[in-house]
Structure formats: C-alpha cells, structure tokens
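Report on the structure given below.
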Amino acid sequence: MIVRHLVAIWLGVLVLGVVVAQNIPTYLLPCYRGNETQPWLPNSMSLLIELVRKIEDARPTSLDARTLSVSLFHRLRFDGIERDPAGRETEFVTPFGINGIMAPKMRVLRQLISPPAGESELEQILSQFDLCALHRLISSSVEPFERGDESRTCPLNMATPQDRIRAPWITRNKAQNATSGARIQFTRPVSRCPIEVGLAQTRSYGSVSPGIFIASIAAGLQPQTVQLKEFVAAQKTTKDKLYENLETLDEVNVSEKIGKLLKSLDSVENTFAANLAGDLAEVCVYQGPFQGTNVAVGIPGNWNDTFFPRLKYMIEGHSGRWEMTQSELVTGIDGMFVAQGVSEWVDRVRRLRLSQLLDMYYSSRGIPSLSISNSGGKTKGFDDDEEQIYTQKPFTMNGSNILRKIFDDGTELTEAVPEPSPIDPDISNACDRRTILATIDRDKLREETFAFAQILQYETSSLGVSDERLRRICDATVDRFFREAPQILDGLPKCNQIGADPRKPAMDMFIIIDGSRRQYENLQLINYLTEIGQVSTFGSTVTVIHGGTGDVMVNRTNSVSSAFEDLRNFTRPFPSTLSLSRSFQTLLRLLSNQTEQEIREGIHVARSQVALVFSQSQRIIQNDFDSAQRMLQGSLQRFPDLYFLFVTNDVTTFENLVRYTPTPTHFIGTTEKFTNLVYPEHYTIVRSDNTSPEDFSERLMKEFRKIPKRMVAAHCLNYYSNSSIPSHEYFEINRYRYEDYVGPYHELIYRISPFYFRYSEAVNVQFIGVDYGSLTICVSRSSSTAPDQCHSLRGIDGVWLNLTQPCRGDVLNCPPIFYSVNVDVSNVRCSENDCRYPDQVRFYIQHEGLTCERSFSISKRINLFAFLVPLLVVFTLKLNYSISI
C-alpha cells in the first residue's frame with residue numbers, strides 16, 4: 001500500500017533542505033484508515049497497563065521489562081505522525097506520514113537505544129484494535145491543523161476568522177523569510193487548540209506521556225553513552241546530500257561545523273536523552289533561533305472530558321511552541337528517576353515486569369524494591385541466606401489492622417479508614433516529583449541537553465546557529481525548565497503516598513443502562529464505572545445489558561479495550577427506555593451460565609456479583625414492575641452473593657421493588673430481616689436526578705469497596721442454580737485449596753453466606769502461608785462488631801478458624817461469616833504471573849463443612865434409611881419364619 005505523506009517545510013526546524021518523511025510501518029497502516037482514526041478508547045493509565053499485561057501474559061518467560069520496553073519503543077512508538085490536511089484517503093493512499101516536528105528527535109533516539117534481537121511478536125499477540133490503541137498511547141504527536149470544530153472544542157471561541165493562526169513560526173520557510181520576508185503557509189491554518197496525542201490521564205498525577213516513561217526504562221536497562229563524533233561518522237554517508245546546495249547559508253561554514261562534530265569529545269547518555277534532555281534539546285533547536293533565550297516550556301492543555309478522556313486540546317495562544325508540553329515535562333521528571341534506578345530495581349526484584357513498574361509508580365503504593373534493606377552495601381538477592389524483608393508499618397499486630405479498627409469503633413465498614421500516611425522517602429512514586437526534581441543535577445542536564453541539541457541540529461540539517469549561541473540557548477532552556485517545573489507540579493492534583501481505603505473493588509459487575517443518556521454519555525458512564533470498579537485482570541469484570549431490550553452489549557470481560565470493542569461493534573440503537581423484567585431475565589441467564597461454569601471448574605472462592613441498575617428517565621410501568629419483583633423475590637434469590645445497586649430518581653419505586661414483607665421495610669440501613677436468604681445490605685438505592693457520574697461516583701465507590709469476595713460450595717451452587725450438571729460427585733468434596741494474593745496497604749475480605757451453613761455442625765476455614773511474608777487473619781460475624789478471632793500467619797504455617805454451630809439453632813436469623821486478610825511483613829518474592837506487585841504475599845484458603853438444604857435433606861433420608869433397614873430385616877426374617885411354618 002502506498003502512503004501519501006504531507007511534505008512540509010519546517011523552517012523553524014530546518015535551515016534548508018527537506019527532511020524526508022518516514023513511512024508508517026505496514027502493520028500500523030490499518031490504524032490510520034477509515035473509522036480506525038476515530039477516538040474509541042479512553043486515554044487512561046489503566047488501559048495502557050492492561051495492554052502491556054496482555055503482552056506479558058502471552059509471553060511470560062521471554063518478555064521481561066528490558067525486552068518488552070525496547071520492543072514497544074522500536075515497534076510501536078512513532079512520534080510526529082500527522083495527517084496531510086489536503087490529502088484524502090483512497091484505496092491506495094493513506095494521508096498520514098511521520099513528518100511532524102517530533103520525528104527527528106525520535107530518529108536520533110532509535111540509534112541511542114539498541115533494537116531488540118529477533119523478530120517482534122507484538123503483532124501476533126495483540127489484536128489490531130489493541131495494537132492501534134497501544135501505538136497511539138505511546139506515540140507523541142500533535143495534530144496541528146484546523147479541524148473545523150474549534151468553535152466547540154477550543155476553550156475560547158470568540159476569535160474571528162482574521163484572528164486565526166495562519167502560520168506560526170514553525171511553518172515559515174526560514175530561508176525565504178530571511179531574504180525576502182515572505183511567509184509560507186499551509187493550505188489549512190493551524191488550529192487555535194491543536195490536539196496533543198500520545199497521552200494517558202491519571203486522576204492523581206496529571207497527564208503523562210507513556211512513550212517517554214517506557215523509553216526511559218528501555219534506556220535505563222541498557223544504558224549507552226555515544227560520542228557525537230561516532231554518531232556523525234555513522235550518519236555522514238547519508239547526510240552529505242543535504243549540504244550540497246548552500247546558497248542561502250553562505251555565512252555558515254557547514255563543512256567546518258561538521259568537522260568540529262567529528263572531532264568533538266562531547267557525548268550524550270541515552271538515560272538523559274530519552275526524557276528531559278531530548279525534549280529540552282528540541283526547545284533549544286526549534287525555538288532558540290527565533291526566540292533567543294525567551295523560550296517556552298510546559299505548554300498546558302485540557303481534556304475533552306473528565307470521565308471519558310479521549311482528546312486533549314492545547315491552550316489557545318500556544319504559538320506553535322509544543323516541543324515540550326506540560327505532559328512531557330512531568331513525565332520527563334518521572335523518566336529521569338526511573339532511568340537512573342530501574343537497573344538496580346530489576347537486580348533486586350526477580351522478574352520485575354514493565355506493567356508492574358507502570359502500575360506501582362503511578363499509584364499510591366510506589367515501588368517497594370526501594371525499601372529492601374541492604375547489608376554492608378550489598379543488596380541481598382533471593383538466593384542469599386538472609387531474606388529481603390519489607391516491613392509495612394501501618395499493618396502490625398498492635399491493633400492497627402484495618403478490620404480490627406472497624407471492629408473496635410463499631411462504625412460502618414466504609415467509614416473507618418486510616419489517616420493518610422506521611423510521605424515515606426523509601427517509597428517512590430509520582431507523588432515524589434518535587435523530591436526528584438531537587439535531585440536532578442542542573443549542570444549535568446545542561447551538558448546533556450547541549451550535546452543532544454548538537455546531534456538534533458545535525459539530524460535536521462539546521463547548522464545555522466553557532467555553538468556558542470546554541471549553548472547559551474540550551475543553558476537558558478534548562479534554567480527555564482527549573483523555574484517552570486515547580487509551578488507546574490504545584491498545579492497538579494494533590495496525592496498521598498498511601499491511599500485512605502485499603503479495600504479494592506473485585507466483583508463481577510453487571511451494568512443495566514436505561515434511556516436517560518445519549519450514546520456518548522453512556523460510553524462516558526461505562527468508562528468511568530470500569531475505572532472506579534477497577535476492571536482488570538486483578539480486579540473486576542464488567543458486563544453491560546441493554547436496559548430496553550435485555551440484549552448483552554458487552555460480554556463479561558476484565559478488559560476495558562474488549563468492552564469498548566464490543567460497544568463499537570454493537571450496531572443496534574442504545575436504550576431509550578428501561579424494561580426491568582427483560583433486563584432481569586438476561587441477568588438471570590448470565591448468572592446461571594456463570595454458575596454452571598463455576599460448578600464445572602469446582603470454584604470455591606470467587607468475586608461477588610453486583611447488578612448495577614440505572615433508572616433515571618421514565619417511570620416503570622406496573623406490569624414490568626410486577627414481573628421484575630417476582631424475579632427478584634424468586635429466581636434471582638438462587639444467587640446468595642448477588643448485590644443490587646439502584647441509581648435512580650424514583651426512590652419510592654425501588655423501595656417497593658425490594659420490599660418483601662407486608663410490613664414496610666425501611667430504606668437503606670434497616671434493622672429488619674428479610675424472610676429469605678438475601679440480606680438488606682444486598683440492596684442499595686442511590687438517589688440521583690443528575691445523569692453525570694460526578695453526582696453519584698463517590699457513593700458508588702464506597703459501595704464497591706464494601707463488597708467482599710465470596711466463599712461457596714460447588715455442590716450447593718449446583719443445587720441452587722437448578723443446573724443440569726450431575727451434583728452427586730461434589731458431595732464428597734470436603735476441602736479445596738484456593739490461591740490468592742494480598743499486598744501491603746491492601747485488605748482482602750471474604751464472606752460466607754448463611755445459605756452454606758444453616759444446617760452445618762461446624763464451618764472450618766484454613767489459611768496457609770507459602771513463606772512470602774506474614775499475615776493477620778481475623779474472623780467476625782458482622783462488619784460492625786469486634787472479631788471473634790485474630791491470628792498471625794507466618795512462613796509456611798497454617799491457621800484454622802473453626803466455628804461450631806454457626807447458626808446456634810436460629811436458622812432463620814443466621815448471620816454471615818466474614819474473614820479479613822492483611823499483610824504484616826512482605827519478603828518481596830512474589831514473581832508468578834498472578835502477582836500484581838512483587839511485594840504481595842501469596843497464601844491458600846481451604847474450607848470444609850459448608851452445606852446446603854439439598855445435602856441436608858439427603859443426609860436426613862440416609863439416616864432414616866439407616867434406621868429402617870434393621871427393622872425391615874427383622875420383619876423379613878419373621879415373615880419368612882412364619883411362611884416356613
């Protein structure tokens with residue numbers, strides 16, 4: 001396929017000549033054709049981490065942090081891709097090219113970071129949809145030209161046509177401008193608010209440029225120092241033609257300048273070039289000749305949507321100075337830190353993965369390997385006699401356990417949370433940017449910026465600035481960075497090192513959407529719910545049900561990209577009404593199918609299920625209400641770990657929907673007991689007249705965190721689901737081991753529904769360690785009372801938590817059982833693929849004694865049969881004797 005490229009003369013970039021645009025690789029061409037150019041996915045850090053994890057999960061042994069970061073850098077990162085404003089897509093033409101202002105620096109970086117050995121597997125691992133998404137997330141570019149939507153998208157829309165930016169300084173032909181004052185401009189003017197590409201939004205750490213972070217890791221894991229003369233000598237054979245015609249630069253002795261470069265002893269380190277030095281050098285080379293020392297760094301912008309960030313617009317008045325945007329500036333600080341430290345972290349922590357570095361650095365927990373103790377200046381490895389110990393002070397045996405605090409003060413589970421911990425210098429994440437900035441050597445950064453600027457001048461054929469002037473400009477640029485950076489960091493969201501609430505959502509979320517929102521607003525809502533519900537491999541799953549027809553719009557998935565691919569492929573209209581009965585019928589079918597799958601797999605511990613119903617538009621008609629209530633009171637009660645969350649502007653209707661007894665039950669928080677197996681806390685009604693997620697997001701986050709994992713018995717699931725799968729084989733199962741992981745600053749809570757021990761003599765649950773650290777295990781019958789037992793689990797020990805007569809003879813009012821797990825000490829040795837973080841502690845759960853009504857009735861029949869058999873034998877003997885007489 002032929003790619004038609006925009007041929008632009010960047011004469012703020014070039015002194016003369018034309019930089020030949022690089023072709024977009026064939027495997028990425030589908031990303032720039034048809035509807036694939038439309039923004040479908042959110043630009044979020046969670047999506048980036050998800051896509052990286054998909055690659056790691058497919059090749060867990062061959063793609064370590066070094067190999068994967070280098071592969072992503074060389075195969076998927078292409079900065080400076082722009083659309084030809086005059087080009088049209090045809091069968092043989094894709095009007096995109098790698099010809100933007102960011103492309104020359106990228107070509108230099110590719111030579112400073114060695115490519116991976118062997119063939120890339122990325123195109124075979126990821127779908128085209130995911131491949132394009134990951135490529136866009138890590139490729140920095142600017143879409144500069146007017147789009148026609150500026151009156152709606154630009155923050156200020158009062159500009160008249162004559163006020164439009166016709167051609168900023170970057171689009172001028174410098175040679176003609178210098179001689180005749182003529183101004184060359186593109187066919188289409190530059191937008192007042194160009195779109196910045198290659199970003200990921202984070203809630204607490206601002207917008208970041210993931211490509212810089214990944215390149216910094218790649219450079220840090222294979223650091224190189226390249227002398228300028230080596231770079232020029234290697235490139236000279238391909239550069240000679242660019243200097244053949246020098247009529248417009250008679251005053252510059254280009255040959256002499258190239259000769260100086262060939263003799264230069266200056267060098268550039270790729271660990272600086274991959275982040276701050278590279279972007280600052282762009283400012284020097286592209287702005288310096290026109291602005292002198294009055295350069296601009298850290299140009300800000302605004303996302304199109306807080307809850308669904310797909311496009312980021314630069315502020316008006318940008319003047320085309322986007323060589324170092326605000327996102328690039330803050331990520332450059334991040335990149336400086338990780339490039340200098342990542343090699344040591346990988347040496348300390350076995351199998352440290354790229355997704356883990358992204359996940360930990362841009363989260364409240366930070367990178368735990370920094371707190372591993374050293375002895376005698378030597379870092380202990382995992383094969384040393386002494387263990388590497390990572391002690392977590394907030395979780396000790398002194399009563400600071402989160403669940404214990406809740407039990408002690410008797411408040412609701414979501415309300416009793418610890419105070420944020422002070423900044424710990426041993427835990428490093430994006431909150432530490434101020435500290436990182438203070439540790440950067442200004443003189444070293446000046447030298448690296450100047451060295452890279454010399455290479456960049458050569459790469460762009462822009463050798464018209466003397467070395468003395470270029471050095472002054474670069475020094476001024478670095479100084480401007482140190483002046484602007486603190487103010488930019490102060491303007492970012494405030495963040496704590498450790499989050500306030502240690503519980504993380506982990507549930508199977510079934511979202512039922514009504515007709516109260518337009519299609520875009522539904523996409524916005526679904527994206528935000530996947531964010532706060534933490535849809536991921538280690539968090540929740542999501543299913544979306546069409547509230548009007550009951551159609552499944554998103555099949556159950558733990559992937560945000562898969563969810564939005566399903567939504568893109570959903571061709572029918574989004575809901576305009578709500579039918580509760582149709583929605584519940586679909587929910588019932590999905591839950592039954594999931595239960596049968598769990599039975600086949602012998603699942604004994606799993607996520608709880610949450611039905612999240614939105615009803616904010618119309619009243620529910622009576623027939624639909626009656627049908628829905630019958631299902632809620634009947635068939636849906638087959639799932640004792642199913643929770644309902646109703647977001648509605650009609651609270652009365654849903655209060656009546658969940659009312660089961662002739663006497664009215666109170667609103668949320670009632671002390672009355674339902675007469676069935678589902679408890680009142682399984683029903684939550686959130687009043688909201690506003691369709692914006694901002695109106696109810698805080699309440700939903702609290703409710704999501706309250707929902708525990710579930711312990712179940714497979715044979716009881718079989719009975720309760722009316723499954724066609726034979727169940728007799730499951731009655732003999734007494735124990736089942738379930739593997740789980742818990743990390744510092746995180747708490748796991750498990751719940752056993754009374755359904756599983758109403759007829760049990762004893763419920764026994766064992767937690768077993770595997771020497772990944774020590775844990776505190778507690779058990780309670782309520783989330784608002786003191787625990788019945790708390791035990792410490794260390795090494796490879798096991799702890800039994802036994803409960804005899806769990807219902808104490810009162811079957812109808814039998815409360816559930818709660819178990820909590822918290823980390824006391826981590827040995828930082830979690831290296832399996834199932835480890836989200838290296839400092840997680842692995843453990844096993846097994847339980848016995850869970851029963852259900854069916855097994856109880858069978859046992860009663862067996863006992864009766866055992867009693868009747870002897871009588872039958874005696875009677876038969878007597879009868880035979882009588883007959884014989």
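These values consider heavy atoms only, across backbone and side chains, with no hydrogens, waters or symmetry-generated copies.
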Close side-chain approach of P493 and Y205, heavy atoms under 4.5 Å:
no

Please round to the nearest 0.5 Å and tell me the distance separating atom OG1 of T306 and atom CD of Q524.
8.5 Å

One thing to verify: whether D740 and K709 come together as a salt bridge, which I'm taking to mean a side-chain N less than 4.0 angstrom from a carboxylate O.
yes

Flag, side chain of R517 to backbone of T691, donor-acceptor distance under 3.5 Å:
yes

How long is the gap from CD1 on I512 to CD1 on I545, to the nearest 0.5 Å?
4.5 Å

How long is the span from the CZ atom in R758 to the OG atom in S753, to the nearest 0.5 Å?
7.0 Å

Which residues pass the salt bridge (charged side-chain N to carboxylate O under 4.0 Å, His left out) test with E565, sequence neighbours left out?
none

Can a donor-acceptor pair be found, under 3.5 Å and without considering hydrogens, that links the side chain of D650 to the backbone of S615?
no

Please identify which of these residues, M509, M507, Q594, meets the side chain to side chain contact (heavy atoms under 4.5 Å, CB included) condition with Q609.
Q594

Salt-bridge contact K706-E681 (side-chain N to carboxylate O under 4.0 Å):
no

Check salt bridge (charged side-chain N to carboxylate O under 4.0 Å, His left out) between E694 and all other residues, then give those that pass, not counting sequence neighbours.
none

Atom of P309, atom of W303 and distance for their closest heavy-atom approach:
CB-CE3, 3.6 Å

Note, N764 side chain near L803 side chain (heavy atom, < 4.5 Å)
no

Measure the shortest side-chain to side-chain distance between Y756 and P640 over non-hydrogen atoms and say whether it is less than 4.5 angstrom.
yes

Could you tell me which residues satisfy salt bridge (charged side-chain N to carboxylate O under 4.0 Å, His left out) with D508, sequence neighbours excluded, listed by chain and number?
R556, R607

The salt bridge (charged side-chain N to carboxylate O under 4.0 Å, His left out) partners of R572 (sequence neighbours excluded) come to D551

Could you walk me through whether Q616 and D514 pass side chain to side chain donor-acceptor pair (under 3.5 Å), step by step?
CA-CA 7 Å; Q616 296 178 276; D514 68 339; over 6 Å; no

Separation between CG of L567 and CD of Q519, rounded to the nearest 0.5 Å:
8.5 Å

Applying side chain to side chain contact (heavy atoms under 4.5 Å, CB included), can you list everything that pairs with N690, at least two apart in sequence or on another chain?
S688, S692, D695

Please name the residue in the list W40, F564, Y528 that meets the ring-ring contact (aromatic ring centres under 6.0 Å, His included) test with F308.
F564

L529 versus V542: any side-chain heavy-atom pair under 4.5 Å?
no

Once rounded to the nearest 0.5 Å, what's the spacing between atom CZ of R638 and atom CE of M631?
12.0 Å

Is there a side-chain contact between F755 and D641, using heavy atoms and a 4.5 Å cut-off?
no

Could you check, using the six-membered ring where one of them is a Trp, whether H682 and Y643 have ring centers closer than 6.0 angstrom?
yes

Check: T541 side chain, N558 main-chain N or O, donor-acceptor pair, under 3.5 Å
no

Got a salt bridge between R710 and E598, using NZ or NE/NH1/NH2 to carboxylate O under 4.0 Å?
yes

Test item: S579 side-chain N/O and G548 main-chain N/O as donor-acceptor pair under 3.5 Å:
no

Taking all non-hydrogen atoms of both residues, which atom of A713 and which atom of L850 are closest, and how far apart?
CB-CB, 3.9 Å

When F614 is tested against each of F646, F510, F696 for ring-ring contact (aromatic ring centres under 6.0 Å, His included), which residue passes?
F696

Looking at R836 and D359, does any basic side-chain N land under 4.0 Å from a carboxylate oxygen?
yes

R699 bridged to E703 by N-O distance under 4.0 Å
yes

Qualifying residues under side-chain hydrogen bond (donor to acceptor under 3.5 Å, both in side chains), relative to S559, sequence neighbours excluded:
E50, K54, S561, S562

Close side-chain approach of S583 and L578, heavy atoms under 4.5 Å:
yes

Can you tell if the side chain of N527 reaches within under 4.5 Å of the side chain of L41, non-hydrogen atoms only?
no

When you measure from the side chain of R310 to the backbone of P39, do you find a donor-acceptor pair of N or O atoms at a distance under 3.5 Å?
yes

Note, L51 side chain near R53 side chain (heavy atom, < 4.5 Å)
no

Distance col, row F625:CZ vs I621:CD1, nearest 0.5 angstrom, shows 12.0 Å

Under 3.5 Å: donor-acceptor pair, side chain of H604, backbone of G602:
yes

